[in-house]
Amino acid sequence: MSIQARVNGERLIRALADFAAIGATPSGGVNRQALSPEDRVARRLLAERALARGFSVHQDNAANLFIRRDGTEHALPALMIGSHLDSQPTGGRFDGALGTLSAFEVLEALADAEIPTARAIEVVSFTNEEGSRFTPGCMGSMAFAGVQAVGDWQGATATDGARFEDELAATLAALPEARMRQQRAEIFAFVELHIEQGPVLERAEVPIGVVTGVQGTRWIEVTFTGEAAHAGTTPREFRKDAMAAAARAIAELQAEIMPCDPQARLTVGRFSLEPGSINVIPRQVSFTVDLRHPDSAALAEIEQRLGDTCARAGAQAGCILAIERRLDMPPARFAPALAAATEAACRRLGIASWPMTSGAFHDALFVNRVAPSAMIFVPCRDGVSHNEAEFVADDHILQGAETLLELALD
Ligand code: HGY
Ligand code: MN
Ligand code: MN
Ligand code: MN
């Protein structure tokens with residue numbers, strides 16, 4: 001009877017609590033934004049735990065963190081599992097951390113059982129998946145896949161004013177024990193475990209989602225520039241009111257895009273104006289638009305309509321319009337064979353699974369360009385995520401990790 005590797009549920013749940021304490025917010029969430037001091041503390045903690053277990057620790061020039069348990073056949077490319085440790089400013093304790101720490105638990109379970117694997121298994125924590133402190137999201141996995149390079153982001157400024165290169169250098173320096181990787185290690189396949197961040201699995205009462213693909217995402221920054229003027233003395237025909245332009249554009253987009261296409265997602269998530277005085281007509285207004293759609297052509301059509309709507313609103317208000325696309329992630333399909341392997345692993349474990357696409361983008365979207373990739377979802381309460389109330393039941397945490405372990409042994 002071969003020794004069975006078993007997930008140590010208590011250890012995994014304790015690890016999730018330990019990492020939730022890094023950047024913990026008073027409302028029970030986490031603020032552990034990319035390349036922040038809190039992010040560095042979390043990476044350090046994971047690296048120390050890895051070294052204590054005899055695993056090797058590596059990082060690349062994008063500060064992607066790799067933890068490796070060697071296999072018996074060194075020539076074989078490694079299986080990579082993992083996700084990210086950075087969070088939204090008011091994020092939840094499970095987004096990213098669940099996939100990264102469950103992957104680490106797989107390594108520990110194999111080490112506990114002293115089970116050798118032919119292939120090395122590497123746990124990865126990708127840098128800046130969220131994109132909330134530094135745009136774009138998925139910086140680490142884009143750099144890993146060669147889609148963009150770290151040099152492309154030199155000069156980028158964080159929402160808190162920090163410089164990208166300073167924060168990246170500080171993060172790399174915070175792990176002197178990590179061996180630097182000058183180029184991407186070849187990988188056999190990548191599997192990312194993640195919370196669904198939506199209501200589908202919970203409503204279907206199914207514990208595992210087998211993700212067949214990810215919808216497309218575009219981030220667009222819209223800026224209207226008018227003229228500051230006196231709120232009391234300036235008649236309508238003399239106004240160049242940037243707020244009037246923005247309000248009209250946003251109202252029209254909200255009224256037209258999602259009501260006409262239930263698959264479309266449009267979110268105005270960030271908004272700023274200046275000068276911001278109660279009795280001054282706003283000179284400039286900027287806002288971000290997060291567009292999502294499973295179909296590329298539909299995504300392009302919505303972006304075109306956004307531009308037309310903003311052009312009309314700007315003209316009507318006598319304001320200058322500037323539009324910049326900040327992120328473009330085309331829809332992707334994952335490796336069908338890996339999805340089938342995941343479903344088979346669930347059947348062996350007696351765990352129900354459900355095929356679905358992802359509404360959120362993920363690091364697997366980019367790794368999928370250089371190696372067969374798959375995603376496993378577990379339900380989160382009320383489908384809530386990117387919210388401090390994010391929650392995953394213990395049994396779903398265990399079923400996710402057990403599925404990942406079963407796949408790693410496949
Ligand atoms: O925005 C996203 O889709 C990801 O959760 N950061
Ligand atoms: Mn995530
Ligand atoms: Mn997220
Ligand atoms: Mn992700």
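The basis for the numbers below is simple: all heavy atoms, side chains too, and nothing from hydrogens, waters or symmetry mates. Just so you know, ligand 1 is whichever comes first in the structure, and atom 1 is the first atom listed for that ligand. Just so it is clear, the model here is predicted, and its values are computed rather than measured.
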- [ ] Report yes or no: does H362 have an N/O/S atom closer than 2.8 Å to the Mn ion (ligand 2)?
- [x] no

- [ ] Determine whether the side chain, the backbone, both or neither of R292 has a heavy atom under 4.0 Å from any heavy atom of ligand 1.
- [x] side chain

TODO: Tell me, yes or no, whether the heavy-atom count around R6 atom CZ, taken from other residues, nucleotides or ligands under 6.0 Å, exceeds 12.
DONE: no

Task: Heavy atoms from other residues, nucleotides or ligands near CZ of F188 exceed 12 (cutoff 6.0 Å) - done: no

Task: E129, any N or O under 3.5 Å of ligand 1 N or O - done: yes

Open item on the list: Would F361 count as a polar contact of ligand 1, with the cut-off being nitrogen or oxygen pairs under 3.5 Å?
Closed with: yes

Open item on the list: D290 versus ligand 1: do any nitrogen or oxygen atoms come within less than 3.5 Å of each other?
Closed with: no

Open item on the list: Below 4.0 Å from ligand 1: does a non-hydrogen atom of Q197 turn up there or not?
Closed with: yes

Task: Test of ring centre spacing under 6.0 Å for F94 and H396 - done: no

Open item on the list: If you round to 10 degrees, what value do you get for the angle at the Mn ion (ligand 2) between D95 atom OD1 and H84 atom NE2?
Closed with: 90°

Open item on the list: Quick check on W153: does its CH2 atom have over 12 non-hydrogen neighbours (other residues, nucleotides or ligands) under 6.0 Å away?
Closed with: yes

Open item on the list: Tell me if the CZ atom of R325 is crowded by more than 12 foreign heavy atoms within 6.0 Å.
Closed with: yes

Task: E129 near the Mn ion (ligand 3) via N/O/S, less than 2.8 Å - done: no

Open item on the list: Closer than 4.0 Å to some heavy atom of A360 - which atoms of ligand 1 meet that?
Closed with: 3 (O), 5 (O)

- [ ] Just do the ring pair (Phe, Tyr, Trp, His ring centres under 6.0 Å) check on F144 and F366 with the steps written out, would you?
- [x] CA-CA 8 Å; F144 179 82; F366 291 99; over 10 Å; no

Open item on the list: I need the single residue from E38, Q33, R32 that forms a side-chain hydrogen bond (donor to acceptor under 3.5 Å, both in side chains) with S36. Which is it?
Closed with: E38

Open item on the list: Below the 3.5 angstrom mark, is there an N/O of E130, backbone or side chain, next to an N/O of ligand 1?
Closed with: yes

